[in-house]
Amino acid sequence: MLRKLAGLVATLSATSFVIFGAAYAAPGDPVTFLAGGKENLTPEYLAQIRAQYHLDDPFLVQYLRWLGDAATGDLGRSLQYNDQVADLLAARLPTTLGLVAYAAVLFTVFGVALGVLAAVRGGRTDSAVVAGTTFATSVPPFVVATALISLFGVQLGWFPVAGGGSLWHLTLPAVTLALGALAIISRVTRQAMVEQRGLDHVTVARASGLAERSIVLRHVFRGALGPIVTMCGLVTAGMLAGTVTIETAFGLSGVGSLLVGAINTHDFPVTQAVLLLMVAAYIAVTTVVELVQPVIDPRARRRA
C-alpha cells in the first residue's frame, strides 16, 4: 500500500512538472495581458509587473514555488479575474462534477444494457447494436451538441439550450457527453459476455438444465463484470477533460469552460490548476477502480 501511494505521489509530481513546463513554454506573454492596454506597455511598468508576479525568476524556482503552494492548497491568483484560483474552481466544480456524474449514469445503464442485448440475442440485434454504436463513435461531440440543441432545444423546446442549475439543464449536455462513451461500454460488455458464454462452467450450467436467464445473470454477466467496471471507471475518469467542448457548446460555467478562457487569456495559474485537477481526478478514479476490482472479480483477487 505504501509503495502504491509513493507511486501515485511520484506520478502526480511528474505530471505537475510537465503541466507547469507546458504553461511556461506556451506562446504569448502574460505580462502584456496584465498591463491592461497599449498605453501601459512601458519598460518600467512591465518590469514592475514581472517583479510583482515573480515572472523573471528561473523556471525551476517558479515551479518549486508553485508546487509548494499547491501542496498547501494555495493554487495562486488568477491573472484574469484577480481572484484566488481555488475559489474559482470551487464555484465551477459542482457543475462539471454533476455533468460527469449524470453522463456516467447514462452511459453505464444504456451501454451495459445494449451490450447485454447484443450478446444474448445475437443475429440482427447484434448487428444493429454494433452498427449504431459505430455510428455514435464516429460523430464528433460538437456535431451532436448542435443537433440536440437544434432539435430538442430550439424546434421542440423541451430542454433549455444554455445555462445550468438543474438536472433538466444538464440533460442535453450529459447525453452529448455520454454518447461516445455509451458506444465503448456497449462494445466492451458485448465482447466480455460473448467470451464468458463460451467457457466451460457456462456450458455445464446449461447442460444441467438451468434457465437461460439464470445462466446469463449468475454466470455470464457476473463473470463479465470485471472488465465492464474497469472500462466504466476509465471512461468516467477521462470525461473530466471531455467537458471542455460540451460546456463551451452549451454555455455551462464549469471547469472546462474556465480552462478555455484561461488558455485564451494566458491565465497560467488557472490553466495549471485545472490541468492538475484533471490529472489528479483521473489518478484517483483509476486507483479506486483498481481497489474495487478484486472485490467484484475473484480472478483478480487470486492474481493479487
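Positions are given from 1, in the same order as the sequence printed here.
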- Query: Linking Ile, Leu, Val, Met, Phe, Trp and Tyr through side-chain heavy atoms less than 4.5 Å apart, which residues share a cluster with Leu117?
  - Reply: none
- Note on the structure: Separation between CG (Leu151) and CG (Leu156), nearest 0.5 Å, reads 5.0 Å
- Query: So which pairs with a foot in residues 125-148 pass salt bridge (charged side-chain N to carboxylate O under 4.0 Å, His left out), sequence neighbours left out?
  - Reply: Asp126-Arg190
- If only atom types and distance count, is the side chain of Thr248 paired as donor or acceptor with the main-chain N or O of Val244 below 3.5 Å? yes
- Task: Applying side chain to side chain contact (heavy atoms under 4.5 Å, CB included) between Tyr102 and each of Leu97, Leu177, Thr171, report the one that passes.
- Result: Thr171
- Between the CG atom in Leu252 and the CG atom in Leu99, the distance rounded to the nearest 0.5 Å is 6.5 Å
- With a cut-off of 6.0 Å (strictly less than), are more than 12 heavy atoms of other residues, nucleotides or ligands near CZ of Phe110? no
- Mind checking whether Met231 and Val235 have side chains closer than 4.5 Å, heavy atoms only? yes
- Item | Thr137 versus Ala183, closest heavy-atom pair with distance | OG1-CB, 3.1 Å
- Message: For Val188 versus Pro227, what's the shortest heavy-atom pair and its separation?
- Response: CG1-O, 3.9 Å
- Message: So does Phe135 get a backbone contact from the side chain of Ser138, meaning a donor-acceptor N/O pair under 3.5 Å?
- Response: yes
- Any pair counted as ring-ring contact (aromatic ring centres under 6.0 Å, His included), so long as it reaches residues 140-160, sequence neighbours left out: Phe152-Trp158, Phe159-Trp168
- Message: Tell me which one of Leu170, Thr243, Val255, Thr95 satisfies side chain to side chain contact (heavy atoms under 4.5 Å, CB included) with Val100.
- Response: Thr243
- For Ser257 and Arg92 the tightest heavy-atom approach is OG-NH1, 3.3 Å
